[in-house]
Student: 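First, the structure itself, so that you have it in front of you.
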Amino acid sequence: MTANELFAAELKRLEDSKTFKYETALESAQGGVVQVNGKKVVMLASNNYLGMSNHPVVRKAAIKGLTRFGYGLASVRFLTGTQTIHLELEKKISKFLKTEDTILFSSSFAANVAFFSAITNEKLGYETYKDVIYSDRLNHASIIDGQRLCKAEVVDRKIYNHADMADLERQLEEDKGKDYRIRMIATDGVFSMEGDLAPLPRIVELAKRYGAVVFIDDAHGIGVCGKTGRGTAEHFGVLGQIDFIVGTLGKAIGGAAGGFISGSREMVTYMRQKGRPYIFSNSLPPSIVCGTMAAFDLLQKDKSIVRRLHDNTAYFRAEIVKLGFRIIDGTHPIVPIMLGEASIAQDMSTRLLKAGVYIKGLWYPVVPKGEARLRAQISAGLTRSDIDRSLVAFKKVGKKMKVIG
Ligand SMILES: *Cc1c(COP(=O)(O)O)cnc(C)c1O
């Protein structure tokens with residue numbers, strides 16, 4: 001077979017197994033309400049948790065950044081790609097997360113790809129050594145791919161069952177006597193399929209007991225969790241006790257692009273020297289840097305934004321349950337509406353779009369068989385009447401499909 005024939009065969013397999021990912025094009029900016037197929041629909045499927053992706057203040061700052069600092073840098077950071085605004089944004093994030101320093105990346109995927117290999121593949125004065133990383137089974141693809149770049153002969157990559165602290169403790173205990181150079185626990189802050197939070201207090205406690213450092217990727221946590229949006233660590237009261245925090249600028253905080261790692265001054269300075277996606281890939285464009293700064297400022301100045309996100313989430317969770325739908329309990333704006341069969345989730349998301357709600361379904365192999373679901377993502381950018389409009393559609397479609405009584 002030719003390469004193209006191979007591709008075609010695989011694409012057919014994806015379609016046959018209903019795992020082909022279709023794209024529905026928006027005809028508008030991202031927001032609480034978007035336009036699709038000429039129709040206004042309520043958006044319940046974006047990571048635009050704070051409603052900042054088209055916020056006038058963020059837009060204005062981005063335009064100002066573009067005008068003053070130009071369109072692009074045409075360089076990586078250490079050549080000619082660092083402007084004062086990049087340093088300013090890094091400082092702002094450190095202050096926000098109460099860390100010593102922060103390093104920007106073109107995405108948080110790139111941050112994760114940089115992080116693990118930069119640490120484990122370097123001898124750092126050791127002739128022979130071994131590191132160990134304990135990862136939650138449901139960690140994001142970018143953490144997995146990042147760790148794949150670690151040389152197998154110098155790092156033991158271990159997996160613990162999802163949020164299973166007994167399993168993590170068992171493995172840490174088992175390895176206690178081993179002569180590891182660095183022990184690291186790596187987890188998502190929030191798991192995007194279930195909307196559940198990593199049990200950080202217990203992780204921090206175990207890390208202390210076994211001499212491990214803690215890495216969290218808080219892509220769905222920063223701007224979302226905690227009273228002031230500082231993330232999963234704030235939610236649990238362990239801000240300041242996480243060694244390395246990865247975050248994205250592509251979700252709650254403006255939603256354009258970019259990512260970062262925040263933590264100790266030594267780690268950040270080291271990453272600037274050793275993080276390959278940082279050294280060999282372009283720096284963030286000024287419009288995004290300035291838009292992001294405005295997003296962080298807005299989040300800190302206007303406390304009502306996070307509050308509105310939390311209120312909207314509590315309201316939607318309560319009302320959707322009242323309608324008779326089964327959800328996974330929690331507090332996060334990711335609200336999985338459990339439907340069972342993949343075909344029901346697929347059918348329901350199509351019908352909901354026609355009824356004015358944009359929502360996406362997840363099914364096997366992304367989630368276990370028989371646990372197909374629609375995943376609602378609530379936003380501060382939704383008004384109460386947007387949410388009510390979506391609930392009316394859920395009721396109508398749910399009844400028609402006999403998912404609810
Ligand atoms: C979305 C997500 C990413 C990727 O973020 P980008 O900045 O778009 O690369 C990484 N990690 C986690 C946990 C995510 O949810």
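Read the numbers this way: they start at 1 and go in the same order the structure lists the ligands and their atoms.
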Student: Run the numbers for me: atoms of ligand 1, each under 4.0 Å from some heavy atom of His220, listed by number.
Tutor: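 By the 4.0 Å cutoff, the relevant atoms are 15 (O).
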
Student: Decide whether Thr383 and Asp386 meet the rule of one side-chain donor and one side-chain acceptor closer than 3.5 Å.
Tutor: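 Yes, Asp386 and Thr383 have a side-chain donor paired with an acceptor closer than 3.5 Å.
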
Student: Under 4.0 angstrom from ligand 1, any heavy atom of Gly250?
Tutor: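 It does not; every heavy atom stays at 4.0 Å or beyond.
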
Student: Does at least one non-hydrogen atom of Ser192 fall below 4.0 angstrom from an atom of ligand 1?
Tutor: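 Under 4.0 Å: no for Ser192.
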
Student: Go through ligand 1 atom by atom and flag the ones less than 4.0 Å from a non-hydrogen atom of Ser142.
Tutor: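 Those qualifying, in numeric order: 10 (C), 11 (N).
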
Student: How about Tyr49 and His332: are their ring centres within less than 6.0 Å of each other?
Tutor: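 Ring centres of His332 and Tyr49 closer than 6.0 Å.
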
Student: Hydrogens and angles aside, do Asp217 and Asn139 bring a side-chain donor and acceptor to less than 3.5 Å of each other?
Tutor: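 Short answer, no.
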
Student: Distance check, rounded to the nearest 0.5 Å: Asp218 atom CG versus Asp188 atom CG?
Tutor: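 CG of Asp188 is found 9.0 Å from CG of Asp218.
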
Student: Tell me, please, whether Tyr180 has Lys130 positioned over its six-membered ring: NZ or CZ under 6.0 Å from the ring centre and within 45 degrees of its axis?
Tutor: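 No - Lys130 does not lie over the ring of Tyr180 by the 6.0 Å and 45° rule.
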
Student: Compute whether any side-chain donor of one residue and acceptor of the other, for His140 and Asn112, lie under 3.5 angstrom apart.
Tutor: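 Note: His140 and Asn112 side chains miss the donor-acceptor criterion.
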
Student: If you round to the nearest 0.5 Å, how far is CZ of Arg170 from CG of Asp175?
Tutor: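 Asp175 CG to Arg170 CZ: 9.5 Å, rounded to 0.5 Å.
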
Student: Check each atom of ligand 1 against the heavy atoms of Lys251 and keep those under 4.0 Å away; list them by number with element.
Tutor: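 Answer, ordered by atom number: 1 (C), 2 (C), 3 (C), 14 (C), 15 (O).
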
Student: Suppose I only count heavy atoms of Gly258 and a 4.0 Å limit; which atoms of ligand 1 are within that range?
Tutor: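 Taking each heavy atom of Gly258 in turn, ligand 1 has 7 (O) under 4.0 Å.
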
Student: Mark the output for Ala111 as yes if a heavy-atom distance to ligand 1 is under 4.0 Å, and as no if none is.
Tutor: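 Ala111: no contact with ligand 1 (<4.0 Å).
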
Student: With a cut-off of 4.0 Å, which atoms of ligand 1 are near a heavy atom of Asp217?
Tutor: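 Checking each atom against Asp217, I get 10 (C), 11 (N), 12 (C), 13 (C).
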
Student: In the protein, which heavy atom is nearest to atom 4 (C) of ligand 1, and how far is it?
Tutor: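 Heavy-atom neighbour on the protein nearest atom 4 (C) of ligand 1: Ser108 OG, 3.2 Å.
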
Student: Can you see whether Thr228 engages Glu234 through a side-chain donor-acceptor pair at a distance of less than 3.5 angstrom?
Tutor: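 Indeed, the side chains of Thr228 and Glu234 share at least one donor-acceptor pair under 3.5 Å.
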
Student: Just heavy atoms, cut-off under 4.0 Å: does Ala219 contact ligand 1 by side chain, backbone, both, or neither?
Tutor: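 It is the side chain that gets close, since no backbone atom is under 4.0 Å.
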
Student: Hey, which atoms in ligand 1 end up nearer than 4.0 Å to a heavy atom of Thr248?
Tutor: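 Counting from 1, the qualifying ligand atoms are 5 (O), 6 (P), 7 (O).
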
Student: Nearest protein heavy-atom contact for atom 9 (O) of ligand 1: which residue, which atom, what distance?
Tutor: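 The closest one turns out to be Phe109 N, 2.9 Å.
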
